[in-house]
Each structure stands twice: as C-alpha cells, then as structure tokens.
There are 2 protein chains.
Amino acid sequence: MTTLSTVPEPASRSPKGEQTRQAIVAAALDLFRERGYDRTTMRGVAEAAGVSLGNAYYYFSSKEHLVQAFYDRVQEEHRAAAEDVLARETTFAGRLQGLLDAWVRIAQPYHEFAGKFFKNAAEPTSPLSPFSEDSRPARDASTALFREVLDGSDLKLAPALRAEMPELLWLMHMGVVLFWVYDGSPDQRRTRALVAQAVPLVDKLARMTRLPLVRGVVDDVVGLVRAVRP
Amino acid sequence: MTTLSTVPEPASRSPKGEQTRQAIVAAALDLFRERGYDRTTMRGVAEAAGVSLGNAYYYFSSKEHLVQAFYDRVQEEHRAAAEDVLARETTFAGRLQGLLDAWVRIAQPYHEFAGKFFKNAAEPTSPLSPFSEDSRPARDASTALFREVLDGSDLKLAPALRAEMPELLWLMHMGVVLFWVYDGSPDQRRTRALVAQAVPLVDKLARMTRLPLVRGVVDDVVGLVRAVRP
DNA sequence: GTCTATAGTGGGATAGAC
DNA sequence: GTCTATCCCACTATAGAC
C-alpha cells in the first residue's frame, strides 16, 4: 500500500489540533487492527480517542479518509526500511528482494483489514487509486526507490529496457501488493514465497536481456509498454 | 467480468419464487443501468420489483449478490462468441486474440457501469471476487475456455508448462480485465492495443519455451506458479 | 480554530410473525 | 415466501461553549 499513499501532510497545523488528530489516528489504527475495518465504527474511534463523534468528522471527513493515515504510516516505515536495505545490499537481486520483503513485513499486521478497504484504492476514479493523478507524487516517489535499486546495483540491462525498468519494477511491486491482498495463507506465506521465487527469476531474465536471442523480445516488451501507456 | 460470474442457477425452484426472483433481477439491472451501483438502493430495487425489502433479501442475501445477475449476462454472451471464434481460428495466436477481443467488445457497453462497482468485486472477501469460492465454477469454466484455445491450436509447449498454461492464460485475461477497468481512453482503445500487442508477444514467448536456453526459465516459472498456488 | 452535544437521515441488513 | 418492524451505523446538521 506504500505507493497508494497520498503525499505527506502539510507542515502547518496547530499543536492542539495535531494532537487530537494523532489521537484519532492512533485509536483508528488500533481498532482496525483489533476488529477489522467493517466492525470498527466511527463512534468507536471517537470514543477510544476521547473525542466526540462530530470532532472525529471534523478531522476526517469520512471513514475512508482514515485509511489515508494508514497508507502514510506504512509508506513512512517502508521508506525508512528501504534506506537500510539500499545502504546494505549491492546486488540487484538483493536490493529488490530487500525492498519487497520489507514491505511485506511492514504491512503484515494490517493484512486482515487491509483487504476490507482495498476496494477504496481499487475504484478507478478514486484519488486513492495507485494510478490516479492524486497518487502521482507517491507513485513517483516509489518508482524513484526502484530506480535506486537499479542505480546502486551491478545489473547491466539492454539500454532500451533500462529507461522503462523502474516503472516495470513498480508495476511488479503493485502485483505483489495485489497478490498480498488476496493472500489468505498464514503470515502471508504465499506472498513471501512469491517474492522469494520471483526476484531471482526477474534477476535472471534481466541478465538475459542482453543476449542476442532475447533482444527481439525485449524490444517487443518495450514497444508494448510504450504503446499502452496513457 | 465474464469470469467473475457464478455458474448457472440450479434447476429446481418453485415457479412462484422464480417469478419473484426474476422480477427483482430485472428491477435491479434497470436501476443499476440508470443510476449506477452505489446510488441504487435495496429499497429502490424492492419497490421497483413490487416486493418488500425483506423479501428481496430472502432471494439475494446482499446487494452484491444482485451483481451476479449482470455477470451471468456478460458471461453468456462471451461463451457464445467464444464458440464462433474457436470454430473459426486454428492458430494459437488467432484463438487467443479472438477470445480476448470478443470479451472487450462484449463488455464495452458496460464499461462505465463496471468501473462503478468494480471496487466491490475487488474486495478479497467479496463473493464477487474472481478468486472467491463463489466464483470457482465461473473461474473453472473460463479456464476451460482457455484450455480449448490450446487444445485446438498448433502450439507446441514445453510439457511442464502445458499443464499450467490454461490457468496462466486465465490470469492473463484477468490482467486484461484489470487494465480495461482502469482504461479511460475512448472505446477502451488502449485495452485493444494491449491485446493486439500482447498476444503476438505471448505467442512468441510460448514458442520459445522449447529452446534449450529458455528451458531453465520455464522451469523456474512453473516452479513459481506451483509454489505460490493455494 | 477546536470541540461538544444532540438530533436527525438514509440505507444495508435481520427477526420474527404470518 | 412474504411481510412489517426494527437495528445498526455511516454520515449530516446545527447550535453553541471555549
């Protein structure tokens, strides 16, 4: 969900209001984790935060807007984790796997209820959609992370592919997120297996792109991506 | 959305009940088309059908279950179109492209409407999800269609891949549906471009799977699919 | 600008009588 | 199988305290 997040909140807010806002967010996240999204009521959130229902709505104009807070938290944690990974790992596979693993680990506590409000992000016209204009900053930030995965690594790619690769890796991340949302296995074991097996495969495929036999396919893929982009 | 549908209803139902059921479905489809999914209420459906709210719930245990009626309509049209295509085309690429093109063409009139309730189907716990247990019969039926694409074609595949291929093609179909839902271009032009370019690429890749150099990758892909399946 | 209290409305879903 | 009555809760509205 990292990349579904909106951009960081503006800086200027009164300390008092900020405190109340944080209390509401904290209460909401606790309740979401405890009872899931649907069975968490705005009344419950307000009560747990020690504010009135009206006040909760003063800060978050709908229950869905509280979801933004969740996005922001996961994104922040992922960004921090990514810094460690990228400072540590030098191989392409290591960096990619590190990033994706970190995301799965960070998002895990929220898995159960994440599915419940996933639909907010899935609605094509929603600003929470990963492909929306509103999400562009977050999407660009996430894509930049994957560009770093490439820049700091040992990977050599066919040049035509190199330019498209960060976006393709971001798409892969979206695929993992999608899989994760639907993954009902304990501790999202299947998603972890997916990442563990897909990363070496992608690594292998990427390294093959400079073979003569594969060049034609690479050109096709790049052509497809470019033809299909809005 | 074809493949999100449930299987045809069981045969045995009282004529009385069946009539009521049909009235509710007809009213629901009218209202969905007129005002969209969200702004159609169960009260409105019940009233338009001339039954009580409670009675509507007797037949459809949730609003989402009413959407199945829409799925069934599209699915029926696609199945019929598929028969023509599969009787006519003999190449793998021709059969695959025919099936996907037919789906895009059939679904086109519903594009706007589909976007509105797509989020409901995207929810993992929803019975409308293509991966739900409720959708299994429809999913199996759709997969069988893609198995036919292979069976009647000239394509030779690496044996290990052959067994997994129908399901992979179904996944590809889901990818096209996903892309289609988000496609805001006029007449879903981008989706058509996607299909037109992806099919030859898939065809080329499939034919490469028997090359020695590619065998390792094929095994990896098959291993990945098997490790990751529920 | 922040917050409370209270009184609504609308609509999804259910219980239980008939 | 059908209804009526009811619950629950997201969400709105508003009047006013600090």
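These figures come from a predicted structure and were not determined experimentally. Just so it is clear, the values below take in all heavy atoms, side chains as well, and ignore hydrogens, waters and symmetry mates. A, B, ... follow the sequence lines: proteins, then strands. Residue 1 opens every chain.
Note on Ser62(B): every side-chain N or O is 4.0 Å or more away from OP1 and OP2 of dG12(C). Asn55(B) has a side-chain polar atom (N or O) that falls below the 4.0 Å cut-off from OP1 or OP2 of dC3(D). Taking side-chain N and O atoms only, Lys16(B) has a distance below 4.0 Å to OP1 or OP2 of dT2(D). Contact check, Ser61(A) against dC11(D): no side-chain N or O comes under 4.0 Å of OP1 or OP2. For Tyr59(B) and dT2(D), the shortest distance from a side-chain N or O to OP1 or OP2 is below 4.0 Å.
Using five terminal pairs a side, the axes of the helix from dG1(C)-dC18(D) to dC18(C)-dG1(D) at its two ends make an angle of 10°, given in steps of 10 degrees.
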Before giving the answer on salt bridge (Lys or Arg N to Asp or Glu O under 4.0 Å), spell out for Glu148(B) and Arg95(B) the whole-Å C-alpha distance, their side-chain angles and the decisive distance to 0.1 Å. CA-CA 9 Å; Glu148(B) 270 191 70; Arg95(B) 291 162 79 83; 5.2 Å; no

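Ring geometry for His78(A) versus His173(A): interplanar angle of 30 to 60°, hence tilted.
Take the nearest nucleotide of DNA chain C for Gly54(A) and for Thr41(B): the residue whose nucleotide is more 5' is Gly54(A).
The base of dG12(C) is paired with the side chain of Arg43(B) by a donor and an acceptor separated by under 3.5 Å.
Atom CD of Glu47(A) is surrounded by 12 or fewer heavy atoms from other residues, nucleotides or ligands within 6.0 Å. At most 12 heavy atoms of other shown residues, nucleotides or ligands fall within 6.0 angstrom of atom CZ in Arg73(A). With a 6.0 Å radius and a threshold of 12 heavy atoms from other residues, nucleotides or ligands, Gln19(A) has its CD atom at or below the threshold.
Put simply, CZ on Phe60(A) is 19 Å from C1' on dT12(D), counting in whole angstrom units. The CG-C1' distance, from Asp38(B) to dA10(D), rounds to 14 Å in whole Å. A straight line from CE of Met42(A) to P of dA13(D) spans 15 Å, rounded to a whole angstrom. For the pair Glu47(A) CD and dA5(C) P, the computed distance is 12 Å after rounding to whole Å. Distance Leu53(A) CG to dT4(C) C1': 11 Å, rounded to the nearest Å. Between the CD atom of Glu18(B) and the C1' atom of dG1(D) there is a distance of 14 Å, rounded to whole Å. One can place OH of Tyr58(A) at 15 Å from C1' of dA17(D), the figure rounded to the nearest angstrom. Between the NE2 atom of His65(A) and the P atom of dA10(D) there is a distance of 16 Å, given to the nearest Å.
The minimum heavy-atom distance linking Ala56(B) with Ile24(B) is given by the pair CA-CD1, 3.9 Å.
Between Tyr110(B) and Phe70(B), the ring center distance clears the sub-6.0 Å criterion.
The side chain of Tyr57(B) lies closest to dG12(C), out of dC3(C), dG12(C), dG1(D).
Among the heavy atoms of the strands, none lies under 4.0 Å from Gly44(B).
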